[in-house]
Amino acid sequence: MLVEKLLLNVLIILLPIFIHGVLFDNKSVGKSPYLCGILQSLALFLSLAFSYELGGLYWDLRYVPLVVAFLYGGPIAGGMVLFTYLATRTFMGGDLLLGYASGFLAALFPFLFMKSFWTFDAKKRVRTAVIVGFWPSLSMLIILITNTFLSNAAASEDSNKVLMNITIFGVIQIFSVWVAAFLNEALIEKDLMKKEILRAEKLNTLGELAASIAHEIRNPLTVVKGFLQMMHKQEKGDNFYYLSLVLTELGRAESIINDYLNFAKPQFEKLEDAELAEIITEVTILLEAFAAKEGVQVNVKLEWGVFAKADRNQLKQALVNIIKNAIEATEEGGEVFVSQASAGPESYVIVSDTGKGMDQEQLARLGTLFYTTKDKGTGLGTSVSMKIIEAMGGSIAFKSDLGVGTEATIILPTYNKDAAGADPLQGNEAM
Ligand code: ADP
Ligand code: MG
């Protein structure tokens, strides 16, 4: 039976993937051409060995390993499989010229697609593999079928059967290429995930190490700063100027270390009922001078009576970082809007500006440690804010258009003290 033989072939086609996934777990699919070449050659050899002869035609899935090897393994793997095909075909005998020609024709398509293949995403790669994998065997089939039809056109019953077989063959062929590509992608995905987990673990240890070093550096720095401040008061002339510079830079170093430590481990010292409107007011007063210096108008719209369980200083720090960014992004004469609204157990603080905005790439990098586009920036502000808000059980979302402006929405769990019988939200475990 054709179907049974073809299903056996499907199994053979999937063999390399299973062997790779189970035995060679540590080698990534796209980066081990020799392994891919050997495994796919094996599959092609078995596929040829178990091909099904019917009406003078050989029905098998020989082109699938060829396509998969070229697309997923590259030219070396593809070459190995093509060589295996030619060798086996020579050994099998028969119409060699047609055999060689079909082999090269089948290899041509994946060879052409090979380069652009890895620039696609996973879904498009699977689609490409299906199209590339189906085409050579389809073209070969057309040649062979016309041959058969021409030679015994009279036997219509036979041709019906051939037609049905072609349909079955086509379906199974598409199916097997799709499954092979899909499983390959699953292997790749698994590999990426494993690497990502390893990387995250490394980063975590590194982060802890850096935090402890930062902590150790802060103490001597404080002592140095203290003595320098004393000297600063007594000095005059050049030395006074130099010491002023030293002190500003020391202050900068100190604030970077503090920000970093804050990021590594936000310290919530005292949790209390904090009225959001009050905190926002305090923050905007704090930033008033800075905004005036930058020539930016800060407009505030508040809603009183909404409370959050928070460490006031931390929450203020988070808001300062975001609003300061908005002011810095805005041109002189521009405006920054801070508004607050609540819905049920959540409150939104929306900070929007009419500044320079960010493109998709910048937006994606926002919040990664040390990402900054400013000369004197630290790239810590947004990360710290995000960490603090997340530790409070909230989140921050950014929307931005290049040249138009940015909108940061801070979502915080809150409760309304005025609402009768309202249950104050319990603090988040992270706090
Ligand atoms: P820093 O302010 O020290 O550069 P941040 O983490 O606060 O570090 O911000 C990182 C970067 O994100 C900034 O350098 C800036 O390019 C971009 N950014 C943040 N907020 C805004 C905003 N409101 N508008 C435009 N760009 C912004
Ligand atoms: Mg900033």
Side-chain angles (χ1 to χ4, degrees), residues 221-222 225-226 228-229 232-233 240-263 266-267 269 274-304 308 310-340 348-358 366-367 371-389 396 398 400 405-410 412:
L221 213 62
T222 319
K225 198 178 157 192
L228 280 177
Q229 266 165 346
H232 187 228
K233 279 188 198 132
F240 180 84
Y241 172 68
Y242 296 150
L243 278 178
S244 308
L245 277 186
V246 169
L247 279 173
T248 359
E249 290 305 305
L250 259 184
R252 207 165 104 81
E254 203 176 44
S255 84
I256 291 177
I257 288 178
N258 283 340
D259 274 355
Y260 181 78
L261 282 177
N262 219 341
F263 172 79
Q267 303 252 315
E269 270 155 19
E275 184 162 24
L276 221 49
E278 193 187 313
I279 296 219
I280 295 173
T281 313
E282 282 176 27
V283 168
T284 43
I285 290 172
L286 205 70
L287 285 171
E288 224 165 48
F290 178 71
K293 198 183 102 211
E294 301 276 312
V296 174
Q297 168 96 30
V298 181
N299 299 307
V300 188
K301 198 176 133 246
L302 296 171
E303 195 182 303
W304 293 87
D311 178 318
R312 300 173 71 98
N313 287 331
Q314 293 285 346
L315 184 54
K316 270 199 227 165
Q317 179 70 57
L319 287 170
V320 163
N321 291 347
I322 304 266
I323 299 173
K324 196 158 164 265
N325 274 348
I327 295 172
E328 280 169 341
T330 307
E331 297 260 315
E332 216 178 311
E335 279 178 299
V336 168
F337 298 91
V338 183
S339 63
Q340 174 208 359
Y348 308 94
V349 181
I350 299 161
V351 179
S352 62
D353 62 64
T354 50
K356 59 178 170 5
M358 289 171 276
L366 186 62
Y371 165 66
T372 180
T373 56
K374 296 168 194 167
D375 290 342
K376 288 220 158 179
T378 60
L380 280 164
T382 314
S383 317
V384 169
S385 296
M386 281 175 150
K387 200 79 185 236
I388 292 172
I389 300 293
I396 310 183
F398 289 93
S400 190
T406 306
E407 187 181 290
T409 308
I410 303 161
L412 276 175

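Computed from a predicted structure; not experimentally measured.
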As an exercise, state the distance from OG of Ser255 to CG of Leu380, rounded to the nearest 0.5 Å.
8.5 Å
Across all chains, not counting sequence neighbours, the ring pair (Phe, Tyr, Trp, His ring centres under 6.0 Å) partners of Phe290 are none
Start with the C-alpha distance between Ile388 and Gln317, add both sets of side-chain angles, then the distance that settles side-chain contact (heavy atoms from CB on, under 4.5 Å), and finish with yes or no.
CA-CA 9 Å; Ile388 292 172; Gln317 179 70 57; 4.3 Å; yes
Provide the full list of side-chain hydrogen bond (donor to acceptor under 3.5 Å, both in side chains) pairs with a residue in residues 284-295, sequence neighbours left out, each pair given once.
none
Starting at CG of Leu287, measure out to NZ of Lys316 and round the result to the nearest 0.5 Å.
11.0 Å
What salt bridge (charged side-chain N to carboxylate O under 4.0 Å, His left out) pairs are there with at least one residue in residues 324-340, not counting sequence neighbours?
Lys324-Glu328, Glu328-Lys374
If I compare all heavy atoms of Thr406 with all of Gly357, which pair ends up nearest, and what's the gap?
OG1-CA, 3.5 Å
Within the structure provided, determine whether Leu315 and Ile389 are in side-chain contact (heavy-atom separation under 4.5 Å).
yes
With side chains defined as the heavy atoms from C-beta onward, is the minimum distance between Thr372 and Thr378 less than 4.5 Å?
no
Do Phe240 and His232 have side chains that approach each other closer than 4.5 Å (heavy atoms only, starting at C-beta)?
yes
Across all chains, not counting sequence neighbours, the side chain to side chain contact (heavy atoms under 4.5 Å, CB included) partners of Ser383 are Phe263, Leu369
Hey, is the main chain of Met358 close enough, under 3.5 Å, to the side chain of Ser400 for a donor-acceptor pair?
yes
At what distance, to the nearest 0.5 angstrom, does CD of Gln314 lie from CG of Leu319?
11.5 Å
I need the minimum non-hydrogen distance between Thr354 and Gly334, along with the two atoms involved.
OG1-CA, 4.3 Å
If you define the side chain from C-beta out and look only at heavy atoms, does anything of Val283 sit under 4.5 Å from Ile323?
yes
For the residue pair Val298 and Ala291, what are the closest heavy atoms and their distance?
CG2-CB, 3.8 Å
Answer yes or no: is there a side-chain heavy-atom contact under 4.5 Å between Val336 and Gln297?
no
How close do Ile350 and Glu407 get, heavy atom to heavy atom, and via which atoms?
CG2-CG, 3.6 Å
Please name the residue in the list Asn325, Val296, Thr330, Val338 that meets the side chain to side chain contact (heavy atoms under 4.5 Å, CB included) test with Asp353.
Thr330
For Glu254, salt bridge (charged side-chain N to carboxylate O under 4.0 Å, His left out) partners two or more places apart:
Lys225
Report yes if the side chains of Trp304 and Glu275 come closer than 4.5 Å at any heavy-atom pair, otherwise no.
yes
Can you measure from CD (Glu303) to CD1 (Ile280) and round to the nearest 0.5 angstrom?
10.0 Å
Within this structure, what is the CD1-CG distance for the pair Ile279 and Leu286, rounded to the nearest 0.5 Å?
12.0 Å
What verdict does the side-chain contact (heavy atoms from CB on, under 4.5 Å) test give for Ile322 and Phe398, after you've listed the backbone C-alpha separation in whole Å, the side-chain angles of each residue and the deciding distance to 0.1 Å?
CA-CA 11 Å; Ile322 304 266; Phe398 289 93; 4.0 Å; yes
Any luck finding a side-chain donor-acceptor pair between Asn321 and Thr382 under 3.5 Å?
no
Mind checking whether Ile396 and Thr409 have side chains closer than 4.5 Å, heavy atoms only?
no
Partner set under side chain to side chain contact (heavy atoms under 4.5 Å, CB included) for Lys376, not counting sequence neighbours
Glu249, Arg252
